[in-house]
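Some notes on the structure that comes next.
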Amino acid sequence: MKKHHVLTSLAMLAAGWFTLSALSPASSSRQTKIPAVADSLKQDPATGLVVDERLNLVVAQCTACHSSKLILQNRFTRDGWKEKIRWMQRTQKLWDLGETEPVVLDYLVKYYGPEQKTFDGRRKPLPTVQWYKL
Ligand code: HEC
């Protein structure tokens, strides 16, 4: 009898928990598991660049002279991207991006920054690999 009693209490607790969790608004946030970056991003079929509201601007400014591949295959910090832009301005006749420059930089560092692994962008090889002798 005692065992039966304990089981009944457990069942009631469980039922109560299910009801509560179904009713509570917090339960809906549990199913929105944050997906990995690459899963949540759309890729522009024409250029391979990540689609967001700045895409058109970046395409216009950055794919006029060369393929988007030069962006896709690189990962730089904000300063790194800025340096590339300065270098193209000095040597490749890239124009002054004016007030679009910070917007372009935001985009580049968000998707093509050092930590990002978007689509084909694989993690950079480790600079020094030390193999253990087994
Ligand atoms: C006016 C023409 C022009 C525009 C516009 C342009 N680039 Fe370039 N970019 C070049 C040239 C030329 C090269 C050298 C290509 C080569 O080496 O084959 C280059 C090279 C690059 C490289 C490779 C640099 C390296 O060190 O290997 C990256 C990355 C790059 N561009 C990104 C961009 C980005 C981002 C934009 C937009 C802000 C942009 N480019 C806009 C002309 C341009």
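Just follow the structure's listing: the first ligand is 1, and inside any ligand the first atom is 1. Atoms considered below: every heavy atom in the structure, side chains included; atoms not considered: hydrogens, waters and symmetry mates.
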Distances under 3.5 Å, N/O of ligand 1 against N/O of the protein: list each pair and its distance.
unit_1	atom_1	unit_2	atom_2	d
ligand 1	7 (N)	His66	NE2	2.8
ligand 1	9 (N)	His66	NE2	2.9
ligand 1	26 (O)	Lys84	NZ	2.6
ligand 1	31 (N)	His66	NE2	2.8
ligand 1	40 (N)	His66	NE2	2.7

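Looking at residues two or more places apart in sequence or on another chain, you find no side-chain hydrogen bond (donor to acceptor under 3.5 Å, both in side chains) involving Glu83. By the side-chain hydrogen bond (donor to acceptor under 3.5 Å, both in side chains) test, Ser67 pairs with no residue at all, sequence neighbours left out. Annotation: salt bridge (charged side-chain N to carboxylate O under 4.0 Å, His left out) contacts of Asp106 (sequence neighbours excluded): Arg78.
Side-chain contact, Trp95 with Gln61: a donor N or O sits under 3.5 Å from an acceptor N or O.
At least one donor-acceptor pair under 3.5 Å links the side chain of Arg75 to the backbone N or O of Leu72.
When the shell of 6.0 Å around CD of Gln92 is examined, it contains more than 12 heavy atoms from other residues, nucleotides or ligands.
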